2 protein chains.
Amino acid sequence: MKKDEQYKRLILREFYYSNVLSASELSERIGKSLPLIIRTVNDLVKENILQESGYAPSSGGRRPATYTINKEALYILSVSMDQLVTRMSLMSIENRHVMGIEKFELPLKDNPDIIKQLSERLLALVKKSGICESKIIGVGIGMPGFIDVTKGVNYSFPQLHSDGRTIVDHISEATGLPVYIDNDSSLIALAEYRFGTAQKQRNSMVINIGWGVGLGMVLDEKLFRGNNGFAGEFSHIPLFNNNKLCSCGKSGCLETETSLLVLLEKAVQGIKAGRISSLPPTFPTGHSEKDVESIMEAAYKGDNFCVELLAQIGYNIGRGVAILIHILNPRSVILSGRGSLAGKLWIAPVQQAMNEHCIPRLADHTAIEVSTLGYEAELLGSAALVMENFIHQK
Amino acid sequence: MKKDEQYKRLILREFYYSNVLSASELSERIGKSLPLIIRTVNDLVKENILQESGYAPSSGGRRPATYTINKEALYILSVSMDQLVTRMSLMSIENRHVMGIEKFELPLKDNPDIIKQLSERLLALVKKSGICESKIIGVGIGMPGFIDVTKGVNYSFPQLHSDGRTIVDHISEATGLPVYIDNDSSLIALAEYRFGTAQKQRNSMVINIGWGVGLGMVLDEKLFRGNNGFAGEFSHIPLFNNNKLCSCGKSGCLETETSLLVLLEKAVQGIKAGRISSLPPTFPTGHSEKDVESIMEAAYKGDNFCVELLAQIGYNIGRGVAILIHILNPRSVILSGRGSLAGKLWIAPVQQAMNEHCIPRLADHTAIEVSTLGYEAELLGSAALVMENFIHQK
DNA sequence: TATACTTCTTAAAGTTTTTATAAAGTTTAT
DNA sequence: ATAAACTTTATAAAAACTTTAAGAAGTATA
């Protein structure tokens, strides 16, 4: 790639993370000199990709000219998959869903047709939008599993890399676009770091409360993925003597006492045992997603039984968090993912476990917070993944 | 600092880590262009800091001219403190102890005179060596405790920062040299990464088996210290239901089942209870350091009782290591510090715990190794700390 | 209201990198 | 065996980028 193209991309990336920027801010962030930045910004204005946006207030000197990005300049295809359901969206550089979020069933397991179906859906979405493909900078895919980002392989779902070619190869060929995949929890962490509650924080742990309990880490301002991309297997740290068999084959994993699945189980058991609750009479409907939402909603409205359940789960998450804090001394721990819908209810029990299991000096230095991005996080993260790679191409 | 001085330092640092280097290797590592490197190297040769060292074998093209550093060009003052004993050494750029290692008692606790004593010892050592102070690039100090590297503060020992000035300020003033401090376990990790078993590995966990169990981490090729410098509090992760009170006030910490102190305790108990062993009849002498060494030596020679004790401790360390591996997916786990004298005896029990408590895919990707640096590690790390900072000055 | 102090912008001077070319070796093909 | 093709290292000239300096535009203070 030509060098001036490279500089343009670096500048565009900054506009992806911040709406309005001056030349000197850009120079500072990118680490390139002002003359170079100004020249490149002027080129981008001529190309109608950036536009002038008036003068910022003075910070004690001459007022800087500011710029914004043309909202229709660039787009990203963002995909978020779980075991059963896939969501996708064509996102503008301003993080708006151009055509809304498309949601459809697409089982990850035992589905030989998965790559073909995904490609077709993606192409159809682009076609429907009418947006020129040259404006789409890539496809970002988030999914559960053991993923090696650099190789583009998801080891947990072998059908995603047939005949020696990975899902990245396949989708890339089908769409003609650069494709990147990463673990769902890592992408949620990336989203929180770039757009959410972990913004500007050098060190954050992002807990993905979902059907399992995932962990994405931002360490020294970088997403940390481990030596093979497998870091963050929070779900399976051995923490309990409960003799409960985990999906991974071991027993006593954090997951056996903390996921939303456990929450649901406990709720069903409690109701069966006659506990009083404001849960709807139809509970449990058998539809896990809806049932869990009911529980969180009831808790949010003050239902004693559900609050208690959340507290139990939260306390156990907190025990795991205490370990994280001892090892990594983060600035903050963000509770995110599906489960973050229950909001601040998580904070007290997690904090309680921390107080009991952490050295005070450590506990004092890390804040527990709940995500405001919620279920959007993963799609945002997939998009951000594309942008992170945008500047490294060729 | 002038720019060419900066480039010289970058080059000298590479020679600290590698003995013989060619210009193109330097260019590659430092990330500066070959013409610039060659010009600067030539300057350094003229100044008699570098010297030519013949031609390296060809790797398929013209043979590169190589260079080495003048062994008497630069020196570093290296200090390693524990609760009771302090070691220090004036080290050459080749990591040789110019005057040997000086070891003396200097209690960290309740010792108002500590800074004065340390300064005097340091100055005396320099004087005795006869080496010109201008050749000493700085003082590196390793010690236990909660240390904020950037501020130069050790929060665990308040007498180290009296009247608003830190130990760094004081020693720096007394010696006229740049001074840096860091946590002992972090420095051991740094030493292993630069000179020991963790060399060239992107991600390593270095376990410091000593009176506690410390942890230093190399993540993505950088020493990771956490948001406030407190990362690596491995000793105090809550892992056992043993009701044993820990020095930190909590119970069930890893430390209550794993340190060399526990090893000693268990040995004493066993002997009292009449267990047969080849430990010397004088055991226990009451001198912890010697007694622990006796145990490790006996184990090394095959004494059943002592091997068994090490296995118990090792297994418990392994349980902690399993957690580390789930969270951080390192390339390797290095067993270092005092305890590494027991050598390979640690590996089997640690590996055993890993096999039981780790997801196989994770366990398969990380190697357990024992340090060869041993008790030297911390002094090497303190010196390396100075060099890491050498390039960042002014 | 003038003066001092910021910060932003631009032009010129100074560095560094890139590109092109030469030099020195290795490997492959006939 | 010997040339041709390919690598890698070293150096010189051109291009690119950064730094410095000076001017422009604004704020804070006496």
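Remember, it's a predicted structure, so these values are computed and weren't measured experimentally. Just so we're on the same page: letters track the sequence lines, and every chain starts at 1.
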Whichever of A/Lys3 and A/Gly60 has its nearest DNA chain D nucleotide further upstream toward 5': A/Lys3
Check for me whether the distance between the ring centres of A/Phe390 and A/Tyr180 falls short of 6.0 Å. no
Would you call A/Glu72-A/Lys135 a salt bridge at under 4.0 Å N-O? no
Using only heavy-atom distances, determine whether the side chains of A/Thr197 and A/Glu369 contain a donor-acceptor pair under 3.5 Å. no
Test item: side-chain donor near acceptor, B/Glu192 and B/Ser204, under 3.5 Å: no
How would you give the extent of chain A contacts on DNA chain D, as first and last nucleotide 5' to 3' within a 4.0 Å heavy-atom cut-off? D/dC17 to D/dT27
Look at the side chain of B/Asn389 and the backbone N and O of B/Val386, then say whether any donor-acceptor pair between them is shorter than 3.5 Å. no
Residue pair A/Glu14 / A/Glu25, side-chain heavy-atom distance below 4.5 Å: no
Grab the CG-C1' distance between A/Leu26 and C/dC8 for me, whole Å please. 14 Å
In whole Å, I'd like the distance from the NZ atom of B/Lys2 to the C1' atom of C/dT15. 14 Å
In this structure, how many angstroms lie between the C1' atom of C/dA24 and the CZ atom of B/Arg62, rounded? 6 Å
Can you measure B/Asp4 atom CG to C/dT15 atom P for me and round it to whole angstrom units? 9 Å
Start at the 5' end of DNA chain C and walk down; is the nucleotide closest to A/Ala23 or to B/Arg63 reached first? A/Ala23
Rounding to a whole Å, what distance do you find between A/Asn42:CG and C/dC8:P? 16 Å
Flag if over 12 foreign heavy atoms under 6.0 Å of CD, B/Glu28: no
Using whole Å, what does the distance between atom C1' of nucleotide C/dC8 and atom CD of A/Glu25 come to? 12 Å
If you look only at distance, which donor and acceptor atoms sit under 3.5 Å apart when one is on a side chain in residues 36-57 of chain B and the other is two or more places apart or in another chain?
from: B/Thr40; atom 1: OG1; to: B/Leu36; atom 2: O; distance (Å): 2.8
from: B/Asn42; atom 1: ND2; to: B/Ile38; atom 2: O; distance (Å): 3.3
from: B/Glu47; atom 1: OE2; to: B/Lys8; atom 2: NZ; distance (Å): 2.5

Can you pull out the residues from residues 28-39 of chain A that lie within a 4.0 Å heavy-atom distance of DNA chain D? A/Lys32, A/Ser33, A/Pro35, A/Leu36, A/Arg39
Whole angstrom value for the distance that separates P of C/dC8 from CD of A/Glu52: 16 Å
With a 6.0 Å cut-off on the ring centroids, do B/Tyr193 and B/Tyr17 count as close? no
Heavy atoms only, 4.0 Å cut-off, all strands: where does B/Tyr7 land among base, sugar-phosphate and nothing? sugar-phosphate
